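Here is the structure we will look at, set down as structure tokens.
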Amino acid sequence: MGTEAGRRCMVSPYEYSSINLVLMPYPFSGIEKKWREYWDKHETFRVVEDPSRQKLYVLVMFPYPSGAGLHVGHPEGYTATDIYCRFKRMRGYNVLHPMGWDAFGLPAERYAMQTGIHPSITTAENIATFKRQIKMLGLSYDWSREINTTDPTYYKWTQWIFLKIYDSWYDYRVQRARPISELIREFEQHGCSQIDCSLYCDDDHCCFIASGWTQMSRVEQHNVLAQFRLAYLAKMPVNWCPDLGTVLANEEVEEWVSKGYIVERRNMKQWMLRITAYAERLEQDLKDLDWPPGIVEMQRNWIGQSEGAEADFAIKNSSKVIRVFTTRPGTGAIMAVPGQDERDWEFAEVFNLPIVRTVRPPKHFKGKAYLGDGPAIDSDFLDGLHVEDAKKKMIEWLEKHGIGKRSINYKLRDWLFSRQRYWGEPFPLIYLEDGTVKALPERELPVLLPDSKSFKPSETGESPLATIDRWVNTIDPETGKPARRETHTMPQWAGSCWYYLRYLDPQNNKEFVARDKERYWMPIDLYVGGAEHAVLHLLYARFWHKVLYDLGYLTTKEPFRRLINQGTILGEDGQKMSKSRGNVVNPDDVVKEYGADSMRLFEMFMGPLTDSKPWSMRGVEGVYRFLNRVWRMMVAEDTGQLLSSIKDVPLTPEDERLLHQTIKKVTTDIETLNFNTAIAQMMIFVNEFLSRETKPRATMETFVLLLSPFAPHIAEELWEKLGHTQSLVYEPWPLYDEGKTAVDTVEMVVQVNGKVRTKFSVPINMDEELLKKKVLNDDSVKRHLDGKQIVKIVIVKNKLVSLVVK
RNA sequence: GCCGGGGUGGCGAAACUGGUAGACGCACAGGACUUAAAAUCCUGUUCUCCGCAAGGAGAGUGCCGGUUCGAUUCCGGUCCCCGGCACCA
């Protein structure tokens with residue numbers, strides 16, 4: 001109630017009731033309900049593969065259904081993709097536009113810890129709320145494809161994909177993942193002789209030949225293979241929060257620490273995914289993506305490719321050498337270059353180590369370490385070379401002398417993939433009595449999350465699942481021997497890593513997606529979502545996608561061809577919306593007061609999609625007034641019937657020009673996602689036509705079609721009043737005639753020494769000599785030429801005449 | 001500190017490859033309609049100065065400078081704001 005709108009509502013309810021009685025605004029609430037039901041009943045937006053038509057897959061990042069319900073930030077991306085989809089349908093595309101729920105995660109689990117209410121119940125309730133609110137906006141989703149990451153029929157396949165990752169290794173020789181069974185076959189035939197073991201294994205004494213492999217015990221073989229798998233166990237420091245009794249993801253630490261919780265590091269065995277094997281391809285393939293440059297850059301920085309050298313340093317008084325990477329720690333030893341690195345400089349100062357500059361800083365450089373470019377100094381044969389050239393020459397030298405080589409390093413680390421949580425996907429793994437890990441066979445999936453009343457992890461930091469004995473203790477389905485289940489669960493990213501594939505074939509219980517469906521729909525033509533997922537979600541999803549591609553399940557290298565980040569919607573005060581600031585706007589209130597069409601229209605009219613911009617209830621009223629004018633342009637207020645002034649009459653040339661200009665502007669602006677200016681053009685159109693005594697029926701019909709992607713409910717209603725019996729959703733999009741958008745007179749600007757002195761209207765493409773004559777005879781121009789000499793005349797066709805005088 | 005994005009009226013914003021800065025909307029002011037108000041419709045609204053007025057002059061797209069007949073747009077410098085990164089996945 002802290003908002004401007006809230007106060008208005010409280011202060012003068014009279015104002016609003018009187019509006020309702022006297023103004024008679026268009027009856028949006030009945031109209032909107034009617035058309036939502038119509039679309040549902042007719043399954044208007046249901047799509048199936050149709051090879052005869054061009055496909056279009058448009059996706060918006062699916063929400064985490066929180067208890068707070070939708071906020072006005074959600075509909076921004078949803079409306080944008082909806083407009084685009086509705087437009088493309090009318091242009092004949094076969095459009096896939098789905099929605100679902102990313103419903104595993106900590107909030108529901110924390111709520112359960114406090115209240116004892118099972119996360120599945122809260123999740124179901126929250127989804128119901130979200131779905132009601134999203135449906136209320138008239139978004140054209142194919143609801144038959146709705147998915148929910150917490151549904152066993154969904155997470156069965158998340159587990160299945162994990163098994164595929166677990167059962168794969170990265171073959172650097174061919175730069176792709178291969179099934180682990182192929183590695184076993186290779187070991188049986190050649191041992192590890194054809195593989196560069198150093199890429200997989202720290203221990204260079206373990207190399208074996210074929211017979212060595214076959215003579216290994218089962219446990220030994222298991223341990224060798226574990227070094228190769230794309231999913232592996234490692235002892236890792238994790239963020240343990242004793243008060244919450246849970247482990248936190250890195251990205252969550254800051255939030256809880258700021259709330260006063262203590263987070264400590266603890267070493268625990270964790271599942272890791274070998275995303276680093278894909279570092280090079282994740283970096284390389286960015287170049288083919290139509291993504292915002294900023295996001296591409298962020299991914300680049302995250303992957304952090306750097307070229308350097310790996311060199312062996314001799315140790316004084318020892319025959320041993322230390323291997324060091326020049327660009328970052330790796331090997332346990334680092335190379336320190338205090339002259340060119342701030343951290344090394346500080347380190348050297350503290351320990352009184354000598355500091356030698358090897359790059360000459362600019363003359364007046366005052367700082368300590370110099371990080372910029374410059375000629376090398378005190379560097380023997382490198383002196384005088386600039387940094388890049390010196391690097392090259394140095395690496396050549398190292399390689400020539402056999403004490404080092406060029407190496408490419410990455411900042412990217414392997415992905416910590418396990419969480420000690422209840423509300424996540426269980427791993428489809430068991431531990432046998434000999435300590436080995438075993439992947440459950442596919443037919444055992446899904447491994448269901450057990451029902452539980454306790455969601456707290458144990459004191460030791462083990463997952464809540466560890467406390468459920470009847471679930472943990474199981475048997476190996478293949479041998480009947482006792483086994484223990486893995487009690488960790490997967491992170492929330494898991495479900496969102498592949499949801500875009502499940503939409504293609506959500507009911508399939510044989511495969512995660514049928515191949516022909518994948519081939520038809522992929523890749524995603526447009527992906528819209530918040531920039532907060534610029535790195536992690538998008539990187540993790542690309543990684544899984546590439547693994548599945550390597551294993552032959554997918555036909556595209558990259559999932560998201562074009563990406564757009566919608567901007568944040570701020571509160572009316574220009575601050576981030578938050579409960580504590582009291583500036584949160586609830587879409588329910590907006591829709592109730594002004595209707596879903598106004599809500600949609602305002603979200604798009606505020607400004608460019610990708611910008612952050614503040615909410616304004618006054619602004620909502622503005623677009624609401626526009627929709628009322630649209631209504632009055634065609635409907636008689638007293639009877640609710642189509643106006644009798646709408647007739648089959650021809651257009652005047654001026655009106656025809658405006659119509660074609662409007663079609664053109666709206667068409668091109670939707671194509672480029674500039675919805676705000678498309679709406680502005682429609683406003684111009686209505687401002688003109690509202691007062692016409694007669695309105696050509698065909699023109700009104702065209703306008704309704706243009707409006708329909710933005711405000712679909714009112715458009716359907718007007719379409720019906722115009723005499724149509726079918727929904728306009730699949731009507732062909734209006735075409736414009738370029739020739740009819742052209743004007744026959746233009747306003748000519750006359751500048752003298754760069755200053756605008758007069759303007760007049762002239763026929764288009766006027767003869768230049770005639771134009772000059774006209775300009776020089778103009779009184780107000782003459783005044784500024786008084787006594788001066790014309791040096792130069794610049795004529796820009798149909799725009800301006802610029803006189804330079806002395 | 002590094003990387004990316006951005007600074008335009010009272011506010012949200014427009015402006016195609018350099019060519020009328022401020023479309024469209026909000027807010028505000030005046031008017032019409034009305035007994036009155038609301039709603040609706042019309043007119044005006046970047047700032048400063050001159051003029052009774054029609055009108056005129058000057059300044060203006062964060063700031064300083066450059067290129068150009070002409071710069072919100074291109075170039076150099078500088079300040080501020082937002083997002084990311086700072087060895088952490």
Side-chain angles (χ1 to χ4, degrees), chain A residues 12 14-25 236-237 239 249-251 253 272 275-276 292-302 304 327-330 334 342-343 367 369 371 411-417 531-532 534-536 539-540 565 567-568 570 572 574 576 601-602 605-608 610-623 625-626 628-629 632 637 665 668 674 676-687 690-691 746-759 780 783 791-805:
Chain A
S12 58
Y14 169 78
E15 192 180 327
Y16 280 86
S17 60
S18 59
I19 288 171
N20 291 337
L21 284 172
V22 187
L23 159 68
M24 290 215 289
M236 283 292 295
N239 311 299
N250 282 308
E251 60 273 15
V253 169
M272 307 290 292
I275 190 173
T276 50
I295 302 297
V296 171
E297 201 51 33
M298 279 167 71
Q299 292 234 342
R300 285 233 154 88
N301 291 337
W302 194 260
T327 53
R328 61 173 42 96
I334 62 160
E342 287 162 334
R343 292 160 308 187
L371 280 63
K411 203 162 85 177
L412 185 69
R413 301 288 87 145
D414 277 341
W415 176 10
L416 193 157
F417 193 67
E532 64 273 19
V535 179
L536 297 180
L539 196 70
Y540 293 153
N565 291 118
T568 319
L570 307 168
E572 299 231 17
K576 225 173 163 173
L601 210 56
F602 179 66
F605 187 60
M606 292 168 81
T610 52
D611 285 9
S612 294
K613 53 238 158 196
W615 185 261
S616 159
M617 278 300 175
R618 303 279 190 168
V620 180
E621 285 179 40
V623 294
R625 278 199 282 268
F626 164 67
N628 276 294
R629 284 203 300 278
R632 284 202 310 273
E637 260 194 286
K665 183 81 180 140
T668 55
N674 294 117
N676 52 334
T677 46
I679 295 167
Q681 182 64 36
M682 290 191 283
M683 287 174 168
I684 294 170
F685 178 93
V686 173
N687 289 346
L690 185 58
S691 55
V746 288
E747 195 172 33
M748 190 61 67
V749 174
V750 182
Q751 295 182 346
V752 179
N753 284 347
K755 289 192 175 149
V756 178
R757 291 306 177 189
T758 189
K759 313 166 186 182
S780 49
R783 257 194 304 148
V791 182
K792 192 172 168 187
I793 300 180
V794 182
I795 298 181
V796 180
K797 204 172 177 191
N798 297 325
K799 286 242 166 76
L800 59 74
V801 179
S802 181
L803 306 174
V804 187
V805 299

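This one's a predicted model, so the numbers in the text were calculated from it and none came from an experiment. Below, chain A is the first sequence line, B the second, and so on; all start at residue 1.
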[atom1] atoms of [N] and [M], separation to the nearest Å:
N	M	atom1	value
U61(B)	G18(B)	C1'	15 Å
A14(B)	G25(B)	C1'	11 Å
A37(B)	G30(B)	P	13 Å
A15(B)	C74(B)	P	14 Å
U72(B)	G66(B)	P	15 Å
C3(B)	U78(B)	P	13 Å
G70(B)	G19(B)	C1'	7 Å

Upstream residue (5' side of RNA chain B) when Trp415(A) and Phe605(A) are each assigned their closest nucleotide: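 By nearest-heavy-atom nucleotide position, the 5'-most residue is Phe605(A).
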
Most 5' of Gly294(A) and Leu416(A) on RNA chain B, judged by nearest nucleotide: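 Checking each residue's closest nucleotide, the 5'-ward one belongs to Gly294(A).
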
Is a side-chain N or O of Asp414(A) found less than 3.5 angstrom from the main chain of Ile275(A), in a donor-acceptor match?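 Yes, because the side chain of Asp414(A) sits within donor-acceptor range (under 3.5 Å) of the backbone of Ile275(A).
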
Could you tell me whether the side chain of Gln751(A) has a donor or acceptor atom within less than 3.5 Å of a complementary atom in the base of G19(B)?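 Flag set: donor-acceptor pair detected.
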
Which nucleotide, if any, forms a Watson-Crick or G-U wobble pair with U40(B), using both distances under 3.5 Å?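 When the pairing criteria are applied, A32(B) turns out to be the nucleotide that pairs with U40(B).
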
Nearest-neighbour nucleotide for the [X] side chain, [options] considered:
X	options	answer
Glu297(A)	G25(B), G19(B), C3(B)	C3(B)
Arg632(A)	A14(B), A59(B), C41(B)	C41(B)
Ile684(A)	C41(B), U20(B), A23(B)	A23(B)

Whole angstroms only, please: what is the CD-P distance between Glu532(A) and C82(B)?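 That distance rounds to 18 Å.
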
For Met606(A) and C24(B), give me the distance from atom CE to atom C1', rounded to whole Å.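 It works out to 15 Å between those atoms.
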
Mutual orientation of the aromatic rings belonging to Trp415(A) and Tyr540(A) [parallel < 30°, tilted 30-60°, perpendicular > 60°]: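 Rings of Trp415(A) and Tyr540(A): parallel, under 30°.
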
Tell me what Pro292(A) touches on the nucleic acid: a base, only sugar-phosphate, or nothing, going by heavy atoms under 4.0 Å.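 The answer is nothing, as Pro292(A) stays clear of every strand by at least 4.0 Å.
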
